[in-house]
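Inspection log for the structure reproduced underneath, given as structure tokens.
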Amino acid sequence: MHIGHMVPLFAMHHLQNAGHRPIILVGGGTARIGDPSGKSDMRKMQTVEEIQDNAEKLKKQISRFISFDDGGAKLLDNAEWLAPLNYIEFLRDIGRHFSVNRMLTFEAYKKRMENGLSFIEFNYQLLQSYDFLELYRRENCILQIGGDDQWGNIVAGMELIRRVEAGDAMGLTFPLVTRSDGKKMGKTEKGAVFLDPSMTSVFDFFQYWRNVADADVEKFLLMYTFLPVDECKRLGALKDQEINKAKEILAYEQTKIIHGKEVADNVLAAAHAAFSSGGADDKSGMPSCDMSAADFSAGINILDLFAETELCSSKSEARRLVKQNGAAVNGDKITDPDAVIDSGFIKDGEIILKAGKKRFFRIIIK
RNA sequence: GGGGAGGUUCCCGAGUGGUCAAAGGGGGCAGACUGUAAAUCUGUUGCUUCGGCUUCGAAGGUUCAAAUCCUUCUCUCCCCA
């Protein structure tokens with residue numbers, strides 16, 4: 001789960017507030033098949049344990065803004081009805097309603113016609129349509145929402161419901177959220193910005209939002225926060241230095257939604273501490289680790305120290321950083337790769353490392 | 001089953017016996033400029049005890065020397081059946 005997946009979930013939040021009952025469907029059954037809308041590779045297969053584990057995590061993550069309490073949202077796994085499927089019966093009852101000619105006209109398949117499309121991927125549409133049908137039958141679900149790459153699959157499901165149950169179902173899709181520079185939302189080239197704090201630290205998460213392009217501020221406030229529309233517009237219209245406030249609010253609100261208010265407050269203070277107020281604010285939201293005072297009594301080489309933290313992944317990288325004038329300890333640049341960090345650097349029981357202008361790491365001395 | 005084309009460092013993509021840790025581009029990182037923005041410019045981009053070490057789908061082989069040649073295997077794509 002990364003922030004690129006959030007839009008349909010936010011839509012769910014709003015729909016739930018309007019009195020609807022959201023059902024989140026996890027693809028425990030379809031996880032074993034590729035999705036033709038994916039770029040080119042088949043989805044990697046997952047074990048049953050992985051799927052269940054993921055489903056639990058998912059529920060935990062989204063329960064902050066979608067209520068699973070009594071009568072609230074439901075989380076279902078399509079393995080429940082896909083796993084016991086009988087192939088012959090499926091062909092007879094479901095397959096007969098699909099026209100290959102029509103399926104081939106969908107954009108998602110057209111693309112794949114050039115470099116190959118396996119049969120199981122081609123079948124994905126039938127399965128997703130069947131999911132919709134089952135949800136219609138079991139939960140009286142009449143609306144399916146998803147990214148616009150799901151358009152064809154959703155429409156196919158609507159048609160199936162009409163043919164089989166003479167029911168009237170609807171679809172709602174959202175365009176892929178892009179940033180003003182044309183890239184996909186939530187993708188840094190290093191990888192996606194994940195909701196799980198063990199994959200993307202809350203500090204980095206906050207900073208991602210804090211650093212969005214000016215042109216994206218209003219759009220993201222509207223899409224990714226629950227602030228009133230007027231307020232979003234007002235903030236998005238701020239200029240120059242002022243718009244930084246809007247970005248901070250965006251980052252704070254978003255962090256609050258995903259990680260909770262307490263974490264958001266901490267990270268906000270940590271960001272202040274790192275970037276402006278000379279260390280007066282609470283730094284507990286900053287990425288950190290514990291080290292013992294004894295480790296520093298003999299001193300630690302600057303390169304080793306940086307390589308130990310998440311700031312640098314190897315000593316070579318640390319060396320580069322130091323050479324290029326990008327490393328700082330407690331705010332002072334260190335340019336000598338042989339520099340040794342010892343107890344003298346400990347201030348108020350901690351040492352603050354900085355790589356470049358925006359990446360911080362806090363070593364807490366125990 | 002038959003025939004053909006391929007698998008190169010994060011990605012795309014050069015490289016067909018030594019000058020290759022491997023062109024170029026993208027991305028990343030750092031520096032300058034700024035508003036913790038964008039754009040731009042510059043540097044950098046396998047690891048290292050700085051002696052070297054490991055990388056070009058996998059395993060063997062030829063050679064003083066291989067990403068480059070040979071063998072087997074494996075995966076992908078295309079055409080025919």
Partner residues of A:Phe174 under the ring pair (Phe, Tyr, Trp, His ring centres under 6.0 Å) criterion, sequence neighbours left out: none
So does A:Gln207 reach the base of B:U36 with its side chain, donor to acceptor, closer than 3.5 Å?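 Side chain to base: pair found, below 3.5 Å.
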Look at the side chain of A:Gln324 against the base of B:G31 and say whether a donor-acceptor pair falls under 3.5 Å; ignore hydrogens and angles. no
Looking at A:Leu235, is its backbone amide N or carbonyl O close enough to the side chain of A:Glu218 to form a donor-acceptor pair, meaning the two atoms are under 3.5 Å apart?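 Checked: no pair found.
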Could you list the donor-acceptor pairs under 3.5 angstrom formed between side-chain atoms of residues 79-86 of chain A and any protein atom two or more places apart in sequence or on another chain?
residue : atom : partner  : partner atom : Å
A:Glu80 : OE2  : A:Arg138 : NH1          : 2.9
A:Trp81 : NE1  : A:Asp131 : OD1          : 2.7
A:Asn86 : OD1  : A:Ile88  : N            : 2.9
A:Asn86 : OD1  : A:Glu89  : N            : 2.9

Separation of [X] atom [atom1] from [N] atom [atom2], in whole Å?
X: A:Asn211; N: B:U34; atom1: CG; atom2: P; result: 18 Å
X: A:Met286; N: B:U36; atom1: CE; atom2: C1'; result: 13 Å
X: A:Leu321; N: B:G28; atom1: CG; atom2: P; result: 17 Å
X: A:Glu242; N: B:U36; atom1: CD; atom2: C1'; result: 16 Å
X: A:Asp214; N: B:A37; atom1: CG; atom2: C1'; result: 5 Å
X: A:Asn244; N: B:U36; atom1: CG; atom2: P; result: 6 Å
X: A:Leu221; N: B:A37; atom1: CG; atom2: P; result: 18 Å
X: A:Glu218; N: B:A37; atom1: CD; atom2: C1'; result: 17 Å

Which is true for [X] with a 4.0 Å heavy-atom rule: it touches a base, it touches only sugar-phosphate, or it touches nothing?
X: A:Arg359; value: sugar-phosphate
X: A:Ala327; value: nothing
X: A:Asn325; value: sugar-phosphate

Candidate pair A:Ile302 and A:Asp336, rule side-chain contact (heavy atoms from CB on, under 4.5 Å), full reasoning: CA-CA 8 Å; A:Ile302 180 79; A:Asp336 176 11; over 6 Å; no
Would you mind writing out the side-chain donor-acceptor pairs for residues 356-364 of chain A within the sub-3.5 Å range, not counting sequence neighbours?
residue  : atom : partner  : partner atom : Å
A:Arg359 : NH2  : A:Leu311 : O            : 2.3
A:Arg362 : NE   : A:Glu350 : OE1          : 2.9
A:Arg362 : NH2  : A:Glu350 : OE1          : 3.2

Sorted by first residue and then second, give each side-chain hydrogen bond (donor to acceptor under 3.5 Å, both in side chains) pair with at least one member in residues 248-262 of chain A; sequence neighbours left out. A:Glu248-A:His272, A:Tyr252-A:Asp265, A:Lys261-A:Asp265
So, does [X] get its side chain near the phosphate of [N], meaning an N or O under 4.0 Å from OP1 or OP2?
X: A:Lys323; N: B:G43; value: no
X: A:Ser316; N: B:G46; value: no
X: A:Arg320; N: B:G28; value: no
X: A:Lys333; N: B:G31; value: yes
X: A:Lys239; N: B:A38; value: no

Go nucleotide by nucleotide along RNA chain B from the 5' end; which of A:Lys315 and A:Asp240 gets its closest nucleotide reached first?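 Whichever sits nearer the 5' end wins; that is A:Asp240.
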Walking RNA chain B from its 5' end, the first of A:Lys357 and A:Glu248 to be reached, judged by nearest nucleotide, is A:Lys357
B:U16 pairs with, by Watson-Crick or G-U criteria that keep both distances under 3.5 Å: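 In the structure as shown, B:U16 has no Watson-Crick or wobble partner.
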What does B:U34 pair with, Watson-Crick or G-U, if both distances are under 3.5 Å?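 Its partner: none found.
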Donor on one side chain, acceptor on other, A:Gln128 and A:Gln144, under 3.5 Å: yes
Please list residues of residues 299-306 of chain A whose heavy atoms come under 4.0 Å from any atom in RNA chain B, ordered by number; otherwise none. none
Distance check, [atom1] atoms only: [N] and [M], in whole angstrom units.
N: B:G57; M: B:U49; atom1: C1'; value: 32 Å
N: B:U8; M: B:U48; atom1: C1'; value: 23 Å
N: B:C11; M: B:U63; atom1: P; value: 35 Å
N: B:G60; M: B:A66; atom1: C1'; value: 14 Å
N: B:C41; M: B:C47; atom1: P; value: 27 Å
N: B:C12; M: B:G6; atom1: C1'; value: 15 Å
N: B:C69; M: B:G24; atom1: P; value: 24 Å

Glycosidic conformation of B:G51, taking syn as within 90° of 0 and anti otherwise: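 You should classify B:G51 as syn.
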Run the salt bridge (charged side-chain N to carboxylate O under 4.0 Å, His left out) test against A:Asp304 and tell me which residues pass, sequence neighbours left out.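 Applying salt bridge (charged side-chain N to carboxylate O under 4.0 Å, His left out) to A:Asp304 gives A:Lys315.
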Looking at A:Phe68, I'd like to know if the NZ or CZ of A:Lys74 sits under 6.0 Å from its six-membered ring centre while staying within 45 degrees of the ring's axis. no
